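First comes the structure, then the notes that go with it.
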Amino acid sequence: ERLIRLESMLISYKPFLDKIESIKKSHPGNLMAKHFDVEYFNSLSPEMKERLEKICISGVDNPDSGMGCYAMNPDDYDAFKPYLDKVIRDYHKIDGEVNHITNWDLNTVK
């Protein structure tokens with residue numbers, strides 16, 4: 001735990017977080033910034049913060065991006081569901097619950 005605290009002190013995310021707050025105001029259509037929650041980010045372990053930063057860096061570097069964030073690994077969707085679910089729902093204009101059922105029966109294909 002001491003190592004984690006030391007690592008947190010060495011890695012400053014302040015410029016990254018400040019830029020996101022600025023983008024929220026200057027580019028409200030950037031979904032990365034719109035749904036970014038500093039409290040959620042601060043609740044993450046140092047390793048997870050680093051991963052989320054990589055997911056969001058495209059939108060930070062390109063504020064005029066509509067999406068602004070991209071999963072780097074398939075498990076990012078589960079690991080960062082509290083954040084990415086909001087972004088994906090906004091992008092696809094999804095309200096409420098989604099119950100997707102995949103039908104693998106080839107007899108239904110024409």
Side-chain angles (χ1 to χ4, degrees):
E1 185 162 323
R2 183 171 180 247
L3 183 58
I4 291 172
R5 281 186 307 208
L6 288 171
E7 186 178 20
S8 294
M9 285 189 265
L10 292 173
I11 300 172
S12 172
Y13 288 101
K14 185 170 177 8
F16 171 74
L17 298 174
D18 288 348
K19 180 80 175 190
I20 291 174
E21 285 304 311
S22 173
I23 293 168
K24 279 185 182 191
K25 295 173 186 144
S26 66
H27 293 83
N30 181 314
L31 298 181
M32 175 282 301
K34 177 180 178 182
H35 295 287
F36 192 90
D37 182 344
V38 175
E39 281 186 40
Y40 172 68
F41 181 81
N42 287 332
S43 75
L44 300 173
S45 69
E47 175 188 309
M48 296 298 273
K49 285 179 182 177
E50 185 178 345
R51 283 178 60 185
L52 187 54
E53 180 186 34
K54 288 178 183 175
I55 288 169
C56 297
I57 200 66
S58 176
V60 171
D61 291 343
N62 302 286
D64 59 343
S65 171
M67 187 65 161
C69 59
Y70 305 94
M72 300 285 115
N73 301 293
D75 73 323
D76 286 346
Y77 294 104
D78 291 324
F80 300 104
K81 185 175 181 174
Y83 170 64
L84 289 176
D85 190 57
K86 293 174 189 171
V87 174
I88 292 166
R89 286 175 175 278
D90 194 352
Y91 181 80
H92 290 289
K93 315 267 187 271
I94 297 171
D95 291 325
E97 291 299 311
V98 175
N99 186 16
H100 177 79
I101 299 172
T102 302
N103 182 354
W104 294 104
D105 182 2
L106 295 177
N107 293 322
T108 62
V109 178
K110 294 181 182 183

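Because the structure is predicted, anything quoted here is derived from the model rather than measured.
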How close do [X] and [Y] get, counting heavy atoms only, and between which atoms?
X: Val38; Y: Glu21; result: CG2-OE2, 3.8 Å
X: Tyr83; Y: Met32; result: OH-O, 2.8 Å
X: Met67; Y: Asn30; result: O-OD1, 4.0 Å
X: Asp105; Y: Thr108; result: O-OG1, 2.7 Å
X: Tyr70; Y: Ser58; result: CE1-OG, 3.6 Å
X: Met48; Y: Ala79; result: CE-CB, 3.7 Å

| field | side chain to side chain contact (heavy atoms under 4.5 Å, CB included) between Leu44 and Phe80, intermediate numbers included | value | CA-CA 10 Å; Leu44 300 173; Phe80 300 104; 4.0 Å; yes
Counting only pairs under 3.5 Å, give me each side-chain donor-acceptor contact of residues 84-92, with atom names and distances, residues two or more places apart or in other chains.
{"from": "Asp85", "atom 1": "OD2", "to": "Arg89", "atom 2": "NE", "distance (Å)": "3.0"}
{"from": "Arg89", "atom 1": "NH1", "to": "Gly96", "atom 2": "O", "distance (Å)": "2.5"}
{"from": "Arg89", "atom 1": "NH2", "to": "Gly96", "atom 2": "O", "distance (Å)": "3.4"}
{"from": "Asp90", "atom 1": "OD2", "to": "Lys34", "atom 2": "NZ", "distance (Å)": "2.8"}
{"from": "Asp90", "atom 1": "OD2", "to": "His35", "atom 2": "NE2", "distance (Å)": "2.7"}

| message | Looking at Asn73, is its backbone amide N or carbonyl O close enough to the side chain of Asp76 to form a donor-acceptor pair, meaning the two atoms are under 3.5 Å apart? | response | yes
| message | Is it the case that the side chain of Asn62 and the backbone of Ser65 share a donor-acceptor pair, with hydrogens and angles ignored and the cut-off at 3.5 Å? | response |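 A pair under 3.5 Å: no.
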| field | Asp61: side-chain contact (heavy atoms from CB on, under 4.5 Å) partners, not counting sequence neighbours | value |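 Expected list: Ile57.
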| By side-chain contact (heavy atoms from CB on, under 4.5 Å) - contacts of Ser43 (at least two apart) |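 Testing Ser43 for side-chain contact (heavy atoms from CB on, under 4.5 Å), a comparison that skips the adjacent residues, returns Tyr40.
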| query | Heavy-atom distance under 4.5 Å between the side chains of Arg51 and Asp75, does that happen here? | reply | yes
| said: More than 12 heavy atoms of other residues, nucleotides or ligands under 6.0 Å from NZ of Lys54: yes or no? | reply: no
| said: Would you call the rings of Phe36 and Phe41 parallel, tilted or perpendicular, taking 30° and 60° as the class edges? | reply: tilted
